[in-house]
Amino acid sequence: MRRVPPYEPVDRSQAFPALEVEILERWRERDVFHESIRRREGAEPFVFYEGPPTANGRPGSHHVLSRVFKDVFSRYRTMRGRLVHRKGGWDCHGLPVELEVEKKLGFQSKEDIERYGVAEFNAQCRESVLRYIDEWNELTERIGFWLDTDDAYYTLDDSYIESVWWSLKQVFDQGLLYEGHKVVPYCPRCGTALSSHEVAQGYKEVVDPSAYVRFGVRGEEGVSFLGWTTTPWTLVSNAALAVHPDVTYVRAQVGEETLILAEALAERVLGEGIETSDPVKGADLEGTAYEPPFPYIADYGEHGHTVLLADFVTTDDGTGVVHTAVAFGEDDFRLGEAYGLEVQNPVLGDGTFDERAGPFAGRGVKEADPDILEALRDAGRLYRAEDYEHSYPHCWRCETPLIYYAKSSWYVRTTERKEELLAANEAVEWHPGHIKHGRFGKWLENNVDWALSRERYWGTPLPIWRSDDGEEVVCVSSRAELAELGADVPEDLHRPFVDDVTFEHNGKTMRRVPDLIDVWWDSGCMPFAQWHAPFENGEKFEQRFPADYICEALDQTRGWFYSLLAVSTLLYGRASFETVLCLGLILDGEGQKMSKSKGNVVVPWDVLDTHGADALRWYYFTSKQPWDGYRFSLEAVGESVRQFIKTLWNTYGFMVLYANVNDVGTAALEEVDLTDIDRWALSRLQETTEIAIERLDDYDTTVAGRAIAALVEDLSNWYVRRSRRRFWDGDPAAFATLRECLLGVAKLAAPLTPFVTDAIYGNLDGAEPSVHLCDYPEPDPALRDVGLEWQMSLVREAVGLGLAARAHVKLKVRQPLREAIVVAGGREREAIGRFEGLLLEELNVKSVRYVSEADELGRFELKPNYRSLGPRFGSQMPQVAAAVGGLDADAAARTLRDGGEVHVAIGGHDHALGADDIQMALRPLEGYEVERSGSHAVALDVTIDDTLRREGVAREVVHAVQNARKQAGLDVADRIDLSLGGDAAVLAAVREHEDYLLGETLAVSVDLSGAETGARAEIEGLELLIGVSRV
RNA sequence: GGGCGAUUAGCUCAGCUGGUUAGAGCGCGUCUCUGAUAAGGACGAGGUCCCUGGUUCGAGUCCAGGAUCGCCCA
């Protein structure tokens, strides 16, 4: 039902958070979200994938950021006619969840968990992971993120796990799933390896001890290799030294001793002017035997404790002699393989030394660093120790420094499909564009195999069963397959139940490999696993693959963006998303990273309670390009309320106030006589609509939102300001125009600020239960008038110039002036003429006089228009500029304004220049009140005769009476009896302009015999007494 | 050490394919309007567009090098 006046009165000091709560209630009552989807049944889908958050912590500002950007384009596409399903999802597995439970139970290690019982531990995890799901859902609703939370997917569901198993089987069948022995980043606290994208999340600046260590050359007393390391604990298992074959090494004399190191680094390490001798190539050092720093482990084979050659050695830092511990570095490990070194790993899974490490046995490796240095010092092997600041990877969840550690793990051989990954990325549209071939593309190019397995408890079990002798390996793709193999399939596919599942295969007993898989693989399976595809809902999956749009923060480049791309490329040969929007970090108002420890975290609820969801959304959408990151604060959001929402609300409130006062109906635009300024406002609406569609289609809320804000600004500060009288008088054209524009704005901005726009729409129209069930506006070419927009901008400039001129002579606008003189030729004169009344009113002048030439006001200066002449004359531009400068300016100006051409001679040739080729600037003459801008200028006749003065006084009186009305608490529509007294000159002026006074102040009568009581005012130093009484 | 991004007014940000007076909002100062009134308008102060070179008739914009900050990776 379309609403007609009287409208609901608008509270102009409306608190928006309260308004939003009302709107939320309305949405619930009317089931608007689901209705908006039902209405698009059968329409072309726009597919959105929800990147599942983990609900075991409270949602923060950065979560709100991605959630509103997920929302805005879903809403926009829905209004544009697409069917947009929005299935929620929750990431349930993995270390973060285990950690929370461990913390709660006071556990320190995996043994604690084993002792406690895996079944009970996982039950706790299941409970813990959704601990904050209610708050998440509440926040999701409060910020206006329309998401189907009732029908969300959970990665812990058996159906989800089964789909993940299926995906692994596909990979297994392609021969891409393998067990490998490699050095991996390993968290000793969590007791598990991490994938490279997990490692990527945890780099931190730290200060580690670094040590320069002597490795005594066997058989040469007093001669040592000088090695350098930032991980002293690995010296316990030193197996060899590595030098670069092509680097020059020298012997440096330091006191009594001789140190061998790279020539290029000798001075930096040992000090300037160090004596060196005997330069040799690294290649010549191969095989040199030396004394290991610690004697505990000796058996590294034939090449143990000798110098080896390696290309990875650099002379960027250290000494050019690299200490090699086979088990603790990727390069070291490969070098060890090449030389056949025995792998000796004296470090246990919990990060402590085993009994092979002599006195350090049982110590955590990092903690042992200082004692190890001390032992070296005592043994005379430490040359120097110092602090070294560098960034080092830490466990992304428990913050323990990682160690690189040789162990076996299951991998997905993504490197074999690298070309396909790159090709899949080519098809993706990234916002911002540079991520595609920058951060993400470079990462793909350096792709390494995906370390898939985790030796943990709460996660998707690796579905691989193996015979005890390792001969037979089966990857299981489903419950059904497991049953077919003769196993008892447990209800719950998690550990520990799945660990008990065994079956016979080729006469051998098959037991499950106890590992879990990386949770990122879980999330990468979401396109099909959310539907339990391919086991069911196959057609749904087909329809909703790939996603048109996904959106997450930049830190997901190596997280979800990668897992989605990799899984679907391996399975389907393409990316599972077509467009991705990357959002930046949220910093505090000072540009510092928000962190609990700093106490500078802005809690979303605070912002919502203070300014509301629209304000927060508007801030995120329009304050800047979202990928650059935000300097976020309550104040910053407050500013966005004032600038946009408050302005919109005031304009809307103004219209409702006078629509109700005047009892005007809602006439259609076709039924009223539009004025030029109406046509201008409507044209601006079309222009804005065009921009909004063009920008939102390109996932750009920033420019779209700013364009809408500019329209609102124009409506408020120009259209309404210039049309006030028509609203007071109830002019139907004005109301029809403003209503049309406000409804247009409501629809244009509905996806961005869904609450306030729905309130406005509901009151001014209400034909639909909600603005969100409307179609997005289309620009109407019939209402667009570009010429009119140009003309209006010219008039506004002229008004600005005139007001500036007034300001300079300090003449109040209230004081009428005789004449404004406007310099304008041809088209410009026509433009201003069209809105002359407006100019007269704004400047409060009696008449406008146009002059084409500037003789009265100043002199023209001519300048070449570089933009048009530059391409034409190129390097001859200096001559052109000189020639133009030499023209008779006034004559040329006259010619050009009449559409003629002027001629200049350049390089002996004659060239014709038109109006577009020459810019005319006005230089004002001394002694005139002239304001100029380019070729435009406005001057004021500032002589004030008595007539004008009396008129000015009358206006002052009106002003004073209005104040008195307000003080008396009268309503804007109240009629009054007015009585005035005071200075005779003032009263004379009033008498002369009595009708004007009556009209302006809504007085039905005026008594000039003097007010006994009432307000006292002063007009140009003369007394005025005002009595006001309501009729 | 490498990759990517950023650097424009006191603050937060615009500035399209290079075009000669670099813009907006906030804040500040001075006025002003008032039938939207704890809003609105005008004017003003405030910029070596990070630095150095280069290309060009012309560079905030393009190129190279450097500085600083951020993120990512070794």
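Chain letters run A, B, ... following the sequence lines, proteins first and then strands; every chain starts at 1.
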If you look at every strand shown and take non-hydrogen atoms under 4.0 Å, does [X] touch a base, only sugar-phosphate, or nothing?
X	answer
A:Gly870	base
A:Arg706	sugar-phosphate
A:Gln625	sugar-phosphate
A:Gly329	nothing
A:Pro864	nothing
A:Arg955	sugar-phosphate
A:Ser13	nothing

Closest to the [X] side chain: [options]?
X	options	value
A:Glu713	B:rC13, B:rG3, B:rG41	B:rG41
A:Trp728	B:rG35, B:rG40, B:rA36	B:rG35
A:Arg439	B:rG25, B:rC57, B:rG70	B:rG70
A:Gln643	B:rU12, B:rA36, B:rC26	B:rC26
A:Asn650	B:rA39, B:rA14, B:rU32	B:rA39
A:Arg867	B:rG19, B:rG25, B:rC13	B:rG19
A:Asn717	B:rA14, B:rG40, B:rG19	B:rG40

Could you identify the nucleotide paired to [N], looking across every strand shown and requiring Watson-Crick or G-U wobble geometry with both distances under 3.5 Å?
N	answer
B:rU61	none
B:rC26	B:rG10
B:rU21	none

Check: Does the B:rC72 base have a donor-acceptor partner in the side chain of A:Arg558 within less than 3.5 Å?
Finding: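 No such pair is found, so the answer is no.
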Notebook entry, point to check: Donor-acceptor pair under 3.5 Å: do we get one between A:Ser716's side chain and the base of B:rA39?
Noted result: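 Checked by distance alone, the answer is no.
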Notebook entry, point to check: Which pairs, with at least one residue in residues 433-448 of chain A and sequence neighbours excluded, count as a salt bridge (charged side-chain N to carboxylate O under 4.0 Å, His left out)?
Noted result: none
Margin query: Hydrogens and angles aside, do A:Ser868 and A:Asp917 bring a side-chain donor and acceptor to less than 3.5 Å of each other?
Written below: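 Per modelled atom types, A:Ser868 and A:Asp917 side chains form a pair under 3.5 Å.
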Item checked: Residue closer to the 5' end of RNA chain B, A:Val958 versus A:Tyr619 (nearest nucleotide) -> A:Tyr619
Item checked: Closest-nucleotide 5' rank along RNA chain B - winner of A:Val703 and A:Val720 ->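 The answer here is A:Val703.
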Check: Closest heavy-atom contact between A:Leu554 and A:Cys582?
Finding: CD1-CB, 3.7 Å
Checklist line | Aromatic centroids of A:Phe727 and A:Phe735 separated by under 6.0 Å | finding: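 Yes, ring centres under 6.0 Å apart.
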